[in-house]
Amino acid sequence: MKEKVKEKVKSAVIDAFGVEPPQFKVEKPKDENLGDLATNVAFLLAKNLRKNPADIAGELAQLLSRDPDFEKVSAVRGFVNFTFSRDFLLQELKDLLLRGQEYYREDVGKGKRVQLEFVSANPTGPLHLGHGRGAVVGDALARIMSFFGFDITREYYINDAGRQVYMLGVSIFYRYLQLLNKEKEYPDIEKLFEEEGYKGEYVVELAKELKEAVGDALLEDVRIAFEKLTEHPFPFSKNYLGKFDPTKGDKVELCSLFGLDAMIWEIKKDLEDMGIEFDVWFSERSLYEQGLVEKMIQTLSEKGLTYEKDGALWLKTSDFGDDKDRVLRKSDGSYTYFASDIAYHWNKFQRGFEKVIDLWGADHYGYIPRVKASLKMLGISEDWLEVYLIQIVKLFKGGEEVKMSKRAGNFVTLRELMEEVGSDAVRFVFLTKRSDTPLDFNVDLVKEKSSENPVFYVQYAHARISGVFREFRERFSKDPEKEDLIPYLKNLKEEAEFKLIKKVLMFKDELVDVAVKRDPHLITYALIDLAGTFHSYYNHHRVIGSEEGIMLGRLALLKAVRECLRVGLKLIGVSAPEKM
RNA sequence: GGGCCCGUAGCUCAGACGGAUAGAGCAGGGGAUUUCUAAUCCCCAGGUCGGAGGUUCGAGUCCUCCCGGGCCCGCCA
């Protein structure tokens with residue numbers, strides 16, 4: 001709707017003043033009594049035309065009021081306000097009923113190849129709430145951008161290289177030793193575990209699985225343990241275990257690979273149960289295996305952008321906007337996480353993505369300048385990469401914050417929350433705030449199934465409409481889905497009906513906004529607003545029981561509202577129940 | 001110490017490339033049920049937009065300083 005008005009304003013400006021208008025806004029006015037939409041174009045033209053905004057607005061309003069799509073166009077203190085005509089609104093509504101959800105679709109993205117990398121949690125433990133938030137936000141963004149014509153690739157970057165993976169192996173091995181009362185025989189392992197190990201209960205579970213598969217063989221001989229692991233029927237595929245070289249690998253490494261397979265399987269399962277899937281699971285190891293990290297360093301070195309200092313290799317990021325230089329290769333010869341990250345993004349670029357969007361945990365804030373700096377060094381423009389941050393989620397239960405500490409292994413997992421409140425509630429609540437601000441998740445409220453709960457408020461609107469359709473079917477023995485209701489639209493006369501129609505039609509503007517601003521939390525607000533308008537209408541106007549023509553007209557309206565709710569809910573991955 | 005984010009109604013938050021009388025939900029008070037689901041609706045009350053300056057025709061929005069809360073600042077991942 002905004003676009004339509006914008007076009008009209010544009011040509012009106014050209015007709016009236018013979019100039020191309022500057023970038024102007026078409027927005028909802030502060031007070032809805034002023035109209036459906038408004039533009040500030042007169043303020044922006046005032047300077048060039050040397051006229052005051054009120055006069056410009058007046059002229060434009062006069063010109064535009066001839067347009068039959070508007071019932072009223074008024075100039076108020078420099079703004080031009082538009083009220084759509086009922087004919088126009090009904091015409092649009094008809095279009096919506098004919099095209100269904102396609103009415104909302106528009107090719108904003110023009111097939112632009114966009115990669116969306118999100119979650120990318122380390123495979124060293126289960127997903128926690130912050131990861132879940134990233135997963136929900138990323139999934140919603142992917143759904144919406146795909147809907148609006150972007151060619152989206154969803155990608156999960158697996159940090160399967162480096163010390164953390166080694167520590168996962170150490171932790172599993174240590175817990176395994178404990179199960180066999182042998183931990184005292186491995187003081188080095190014990191010390192490492194105490195200092196840096198993963199202390200969560202899930203590691204004990206992994207160790208139990210390991211022991212079940214290999215018995216005490218891992219104490220004796222790595223080769224035998226490896227054979228037993230290979231033969232054991234685990235639910236997961238042995239992608240990493242398959243890479244183990246029994247002639248070289250040690251016990252900890254075997255544990256690491258086993259842990260990776262198990263953890264990645266768990267993570268995938270958690271995400272799948274939330275309805276979230278990825279197109280690509282990208283392995284950090286593969287960057288090393290394919291020599292991409294080396295090649296990247298070579299490329300940068302040839303450009304003279306690296307130097308050796310204190311036995312380490314540094315990148316001159318400070319010349320490109322970072323506040324200091326960063327290490328690529330440590331003095332012990334191993335690479336930093338930063339090094340593989342550059343290689344990864346370079347690889348994304350080489351794969352031909354025109355735009356890359358990363359969702360990172362908020363604690364990675366400091367990484368943005370250095371990654372952007374390194375991309376610039378590789379000749380990649382700064383706005384090619386967009387990074388959005390996901391802030392932490394705090395859990396509240398019984399009015400108290402549930403304290404979480406990863407170090408102590410004491411945290412609430414995404415799975416636990418999902419099992420407690422359901423995937424719909426998790427998804428919806430994670431989208432009730434901008435992703436870069438901290439979120440408080442009140443478990444009690446979401447479980448209450450009361451009016452305070454916005455998830456139910458919105459879903460209930462859908463269920464109510466379904467109820468009306470059921471009732472109609474029973475009483476009239478006709479399938480409302482198959483009836484041609486469009487001829488009855490003309491019977492819609494009530495003020496409340498047009499208020500609702502406007503909400504349904506303007507919902508598209510909200511969705512486009514989300515795709516452009518990359519801000520999926522706006523959808524939940526639009527849905528709550530739409531549901532509220534519907535509930536209000538429902539409480540004041542009856543559908544079944546009204547005179548037939550009116551009933552069928554209203555049924556058509558509800559069908560449109562239902563379509564709108566379904567689109568909105570689908571795009572955030574929340575179900576639209578028929579009954580509650 | 002340096003950098004960034006936040007501070008809006010009792011509570012949780014929307015609103016920010018400057019634009020109209022600053023919004024919603026919850027909590028509080030008052031009302032609606034011969035019903036297509038009351039998991040709903042209607043009405044009322046509630047504000048120095050953290051504070052002080054500045055820019056502007058116009059500031060919750062931009063700039064400076066201050067106060068309060070949080071995050072980041074490794075040859076960690």
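For clarity, every value in this text was computed on a predicted model and none was experimentally measured. Every chain is numbered from 1 and lettered A, B, ... according to where its sequence line falls, protein lines coming before strand lines.
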Checklist entry - So what does F472(A) hit on the nucleic acid, given a heavy-atom distance under 4.0 Å: a base, only sugar-phosphate, or nothing? => result nothing
Next on the checklist: Nearest heavy atom decides the nucleotide; on that basis, is G532(A) or R542(A) closer to the 5' end of RNA chain B?
Outcome noted: R542(A)
Checklist entry - Is the distance from OP1 or OP2 of G74(B) to the nearest side-chain N or O of K324(A) less than 4.0 Å? => result yes
Next on the checklist: Give me the distance, rounded to whole Å, that separates C43(B) from G7(B) when you measure between the C1' atoms they each carry.
Outcome noted: 32 Å
Checklist entry - D513(A) has an atom CG; how far is it from atom C1' of A16(B), in whole Å? => result 13 Å
Checklist entry - Checking all strands, does H540(A) fall into the base, sugar-phosphate, or nothing category for heavy-atom contacts under 4.0 angstrom? => result sugar-phosphate
Item to check | Nearest-Å distance once atom P is located in both U64(B) and G29(B) | outcome: 46 Å
Checklist outcome for this item: Walking RNA chain B from its 5' end, the first of V80(A) and N539(A) to be reached, judged by nearest nucleotide, is V80(A)
Checklist entry - Checking all strands, does D332(A) fall into the base, sugar-phosphate, or nothing category for heavy-atom contacts under 4.0 angstrom? => result nothing
Checklist entry - Nearest to the side chain of A38(A), which nucleotide is it out of A39(B), A77(B), A20(B)? => result A20(B)
Checklist entry - Which base sits across from U12(B) as a Watson-Crick or G-U pair, both distances under 3.5 Å? => result A24(B)
Checklist entry - With both distances under 3.5 Å as the test, what is the Watson-Crick or G-U wobble partner of C17(B)? => result none
Checklist entry - How far does the P atom of C49(B) sit from the matching atom of A59(B), given to the nearest Å? => result 12 Å
Next on the checklist: Rounding to an integer number of angstrom, what distance separates C11(B) and G46(B) when you compare their C1' atoms?
Outcome noted: 13 Å
Next on the checklist: Pair Y388(A), D358(A) - check side chain to side chain donor-acceptor pair (under 3.5 Å), show working.
Outcome noted: CA-CA 6 Å; Y388(A) 297 98; D358(A) 287 359; over 6 Å; no
Next on the checklist: If stacking means aromatic ring centre less than 5.5 angstrom from the base's six-membered ring centre, planes under 30°, is H535(A) stacked on A38(B)?
Outcome noted: no
Item to check | Between C71(B) (C1') and Q391(A) (CD): distance, integer Å | outcome: 7 Å
Checklist entry - What about N81(A), does its side chain sit under 3.5 Å from the base of A20(B) through a donor-acceptor pair? => result yes
Checklist entry - Does the ring of F193(A) carry K199(A) above it, NZ/CZ under 6.0 angstrom from centre and within 45° of its axis? => result yes
Item to check | d(CG, L389(A); P, G3(B)) in whole Å | outcome: 19 Å
Item to check | Heavy-atom donor-acceptor pair, S331(A) side-chain to C75(B) base, under 3.5 Å | outcome: yes
Checklist entry - For L530(A) and A14(B), what is the distance between atoms CG and P respectively, to the nearest whole Å? => result 21 Å
Next on the checklist: Can you tell me whether the side chain of Y538(A) and the base of A38(B) have a donor-acceptor pair closer than 3.5 Å?
Outcome noted: no
Checklist entry - Would you call the rings of F441(A) and F430(A) parallel, tilted or perpendicular if under 30° counts as parallel and over 60° as perpendicular? => result perpendicular
Item to check | For U55(B), the Watson-Crick or wobble counterpart (both distances under 3.5 Å) | outcome: none
Checklist entry - Quick one: W360(A) CH2 to C5(B) P, roughly how many Å, whole number? => result 17 Å
Next on the checklist: Once you apply a heavy-atom cut-off of 4.0 Å, does H462(A) come out as touching a base, just sugar-phosphate, or nothing?
Outcome noted: nothing
Next on the checklist: Could you check whether atom NZ of K10(A) has more than 12 heavy atoms from other residues, nucleotides or ligands sitting under 6.0 Å from it?
Outcome noted: no
Checklist entry - Counting any heavy atom closer than 4.0 Å, what does R326(A) reach on the DNA or RNA strands: base, sugar-phosphate only, or nothing? => result nothing
Checklist entry - Between K28(A) (NZ) and A24(B) (C1'), how many Å, whole number? => result 12 Å
Item to check | Atom-to-atom span, CD of E195(A) to C1' of C76(B) - whole angstrom | outcome: 14 Å
Next on the checklist: Test side chain to side chain donor-acceptor pair (under 3.5 Å) on Y344(A) and E155(A); report intermediate values, then the result.
Outcome noted: CA-CA 12 Å; Y344(A) 179 39; E155(A) 192 152 320; 2.8 Å; yes
Checklist entry - Which part of the nucleic acid, if any, lies within reach of F43(A) when heavy atoms closer than 4.0 Å are counted: base, sugar-phosphate only, or nothing? => result base
Next on the checklist: Counting only side-chain nitrogens and oxygens, does S536(A) get under 4.0 Å of the OP1 or OP2 atom of U40(B)?
Outcome noted: no
Next on the checklist: Under 4.0 Å, counting only non-hydrogen atoms across every strand here, what does G467(A) touch: a base, just sugar-phosphate, or nothing?
Outcome noted: sugar-phosphate
Next on the checklist: Would you say R464(A) places a side-chain N or O within less than 4.0 Å of OP1 or OP2 belonging to A38(B)?
Outcome noted: yes
Next on the checklist: Can you check the distance between C41(B) and C65(B), where both ends of the measurement are the P atom (answer in whole Å)?
Outcome noted: 47 Å
Checklist entry - Using the P atom in both, what is the distance from G68(B) to G28(B), to the nearest Å? => result 34 Å
Checklist entry - Is F79(A) stacked on the base of A20(B) when the test is centres under 5.5 angstrom and planes under 30 degrees? => result yes
Next on the checklist: So A461(A), base contact, sugar-phosphate only, or nothing? Heavy-atom distance under 4.0 Å.
Outcome noted: nothing
Item to check | Phosphate OP1/OP2 of C76(B) contacted by K330(A) side-chain N/O (<4.0 Å) | outcome: yes
Checklist entry - Does NZ or CZ of R562(A) come closer than 6.0 Å to the centre of the six-membered ring of F534(A), within 45° of the ring's axis? => result no
Next on the checklist: Output the rounded distance in Å from CD (E27(A)) to P (U61(B)).
Outcome noted: 17 Å
Checklist entry - Is the cationic atom of K6(A) (NZ for Lys, CZ for Arg) positioned less than 6.0 Å from the six-membered ring centroid of F24(A) and within 45 degrees of its normal? => result yes
Checklist entry - Whom does G7(B) pair with, Watson-Crick or G-U wobble, provided both distances fall under 3.5 Å? => result C67(B)
Checklist entry - In the strands shown, is U40(B) matched to any nucleotide by a Watson-Crick or G-U wobble pair with both distances under 3.5 Å, and which? => result A32(B)
Item to check | Under 4.0 angstrom between Y457(A) side-chain N/O and C41(B) OP1 or OP2 | outcome: yes
Checklist entry - On the ring face of Y367(A), is R370(A) found with NZ or CZ under 6.0 Å from the centre and within 45° of the axis? => result yes
